[in-house]
A.B. asks: 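Below is a structure I'd like to ask you about.
Values below: all heavy atoms of this structure, side chains included; hydrogens, waters and symmetry mates excluded.
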Amino acid sequence: MELPPNPGLVDVQRDALYAYDAEAHKAVVNSRPWTTDYKYFKTVRISSVAMIKMVMHARSGGNLEVMGMMQGYIEGSTMVITDAYRLPVEGTETRVNAQDEANEYMVEYLRLCREENRLENVIGWYHSHPGYGCWLSGIDVGTQSLQQQFNEPFVAVVIDPDRTVSQNKVEIGAFRTIPEGTKPPAATITTTGDGQSVPLNKVEDFGAHSHRYYALDVEHFKSTLDSKLLETLWNKYWVQTLAQNPLLTNRDYTSSQMVDLGSRISKASKSLETLSTTGQRGPKSDAVDQNIEKLLGEVKQIAAKERSGLMAAEVKGKVFGCGCHGQAHGAQLGKP
């Protein structure tokens, strides 16, 4: 699984990012520079282990959204995430809500951290968007806005576990809301971070709130301990990593992609038919043409992934003699 590129943080000084300076953090919090510049924070740096913990948690939730908290500190205009932990919350396919049990869990967790001399504060929350990209819904915007009012500095991180598996790289986004009364630039976002369109049943919620927040750059870093932990994980799971095939592990997501794409193609076809009947040309017809061109690009992208998965299964079958090709072919036909 590929992490967001960041060669600048891989050096002998990388362990210094874990050196928490309570006085420096307190000084930044007291000065509150984000009150005069709502885009003061521009980057989020996440430790590799914290990112893996968040991705594994998101993946374990399946089609349900899950939620957790992130600990770290402020370094200039960068929010550094050193650790993350999951919350015992009830999630649905469209939202996740923290209840009293989660609040009690957070208090107890932070108390235990203090006893172990881990003094980093909670500076953000994360949750999953299984299959529909990294952005903030109306509920997410409300939650993040409330946190920024009372618990600054605070950042929201969104992870899509399905697209992470499908693309073999972490699909992650970090966001902060724009204060009420501030006039942000016109919203021009029509896709998620990986260039894929938002599913048709999420478009309305996505478009209605995209002007109320902005995205931060996401980087990752590895400490000496992180490197050892990742090496241990690889030594334990390398066989499973080589054996798995995205056509099998992510076929539900691929199927939902195709269904959604079919719905959007049908909708675009009706728009094109209407324009052909009326003979209208102009900005509206140009928009329809652009939409159809984008849909064709997505069709090619899905087809390329399917071909790649089938080729990988064929190669593994010949190298290991594991019959992976037959399994992948069965997945395409809906057979076990």
Side-chain angles (χ1 to χ4, degrees), residues 1-6 44 46 48 50-68 84 86 91-96 125-137 140 156-175 189-203 205-207 210 213 215-220 241 244-265 294-310 312 328 331-332:
M1 188 165 55
E2 180 185 343
L3 294 171
N6 184 31
V44 174
I46 306 175
S48 298
M51 187 175 291
I52 288 177
K53 287 169 70 175
M54 291 189 285
V55 171
M56 292 178 66
H57 184 204
R59 186 65 180 168
S60 70
N63 292 328
L64 301 181
E65 291 190 13
V66 299
M67 175 183 173
R86 62 179 64 192
T92 69
E93 292 187 359
T94 57
R95 68 182 64 182
V96 59
W125 66 298
Y126 72 88
H127 71 290
S128 62
H129 276 185
Y132 46 96
C134 299
W135 47 279
L136 296 185
S137 67
D140 299 337
V157 165
V158 182
I159 296 172
D160 187 334
D162 291 342
R163 294 189 182 185
T164 292
V165 173
S166 176
Q167 300 172 50
N168 198 33
K169 67 176 182 178
V170 179
E171 176 67 11
I172 187 171
F175 310 96
I189 302 174
T190 57
T191 61
T192 58
D194 60 349
Q196 298 184 29
S197 295
V198 177
L200 197 59
N201 62 342
K202 302 288 184 182
V203 168
D205 194 21
F206 171 80
S210 58
Y213 60 89
L216 289 75
D217 293 332
V218 178
E219 300 175 347
H220 85 280
T241 302
Q244 70 179 3
N245 188 303
L247 295 181
L248 298 174
T249 58
N250 222 33
R251 57 185 174 185
D252 290 342
Y253 168 62
T254 303
S255 297
S256 67
Q257 265 191 310
M258 293 180 179
V259 170
D260 179 73
L261 189 57
S263 299
R264 288 190 285 125
I265 290 175
K294 184 170 66 173
L295 290 173
L296 288 174
E298 291 188 40
V299 170
K300 292 178 181 179
Q301 189 179 40
I302 292 176
K305 289 178 181 177
E306 293 297 299
R307 285 195 298 268
S308 177
L310 289 170
Q332 296 302 300

A.B. asks: The criterion is side-chain contact (heavy atoms from CB on, under 4.5 Å); which residues satisfy it with Ala156, sequence neighbours excluded?
C.D. replies: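 With neighbours one apart ignored, the set is Trp125, Leu136, Gln144.
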A.B. asks: Quick one, Val170 and Val55 - any side-chain contact, counting heavy atoms below 4.5 Å?
C.D. replies: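 Answer yes - side chains close enough.
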A.B. asks: Using modelled atom types and a 3.5 Å cut-off, is there a donor and acceptor pairing between side-chain atoms of Asp160 and backbone atoms of Pro130?
C.D. replies: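 The answer is no, because no donor-acceptor pair under 3.5 Å joins these two groups.
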A.B. asks: Any sub-3.5 Å donor-acceptor pair from Ser128's side-chain atoms to Ile159's backbone N or O?
C.D. replies: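 Looks like no, no N/O pair under 3.5 Å.
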A.B. asks: Say you draw a straight line from OG of Ser210 to CZ of Phe175; how long is it, rounded to the nearest 0.5 Å?
C.D. replies: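 Going from OG on Ser210 over to CZ on Phe175, the span is 11.0 Å.
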A.B. asks: Between CZ of Arg59 and CD1 of Ile52, what distance do you get to the nearest 0.5 Å?
C.D. replies: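 Reported value, rounded in 0.5 Å steps: 15.0 Å.
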A.B. asks: Determine the minimum heavy-atom distance between Met67 and His57, stating which atoms define it.
C.D. replies: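 Looking at all heavy atoms of both residues, the shortest contact is O-CE1, 3.2 Å.
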A.B. asks: In Å and rounded to the nearest 0.5 Å, what is the NE2 to SG distance from His127 to Cys134?
C.D. replies: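 His127 NE2 to Cys134 SG: 9.0 Å, rounded to 0.5 Å.
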A.B. asks: Considering only heavy atoms from C-beta outward, does the side chain of Thr164 approach that of Lys169 to under 4.5 Å?
C.D. replies: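 No, too far: nothing below the 4.5 Å cut-off.
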A.B. asks: Distance only, no hydrogens: is a donor on one side chain within 3.5 Å (strictly under) of an acceptor on the other, for Asp162 and His129?
C.D. replies: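 No donor-acceptor contact under 3.5 Å links the two side chains.
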A.B. asks: Show, in sequence, the C-alpha distance, side-chain angles and deciding distance for Ile46 and Ile172, and conclude whether the side chain to side chain contact (heavy atoms under 4.5 Å, CB included) test is met.
C.D. replies: CA-CA 11 Å; Ile46 306 175; Ile172 187 171; 3.8 Å; yes
A.B. asks: Let's go through Arg86 and Tyr126 carefully: what are the C-alpha distance in whole Å and the side-chain angles of both, what is the deciding distance for side chain to side chain contact (heavy atoms under 4.5 Å, CB included) to 0.1 Å, and is it a yes or a no?
C.D. replies: CA-CA 9 Å; Arg86 62 179 64 192; Tyr126 72 88; 3.8 Å; yes
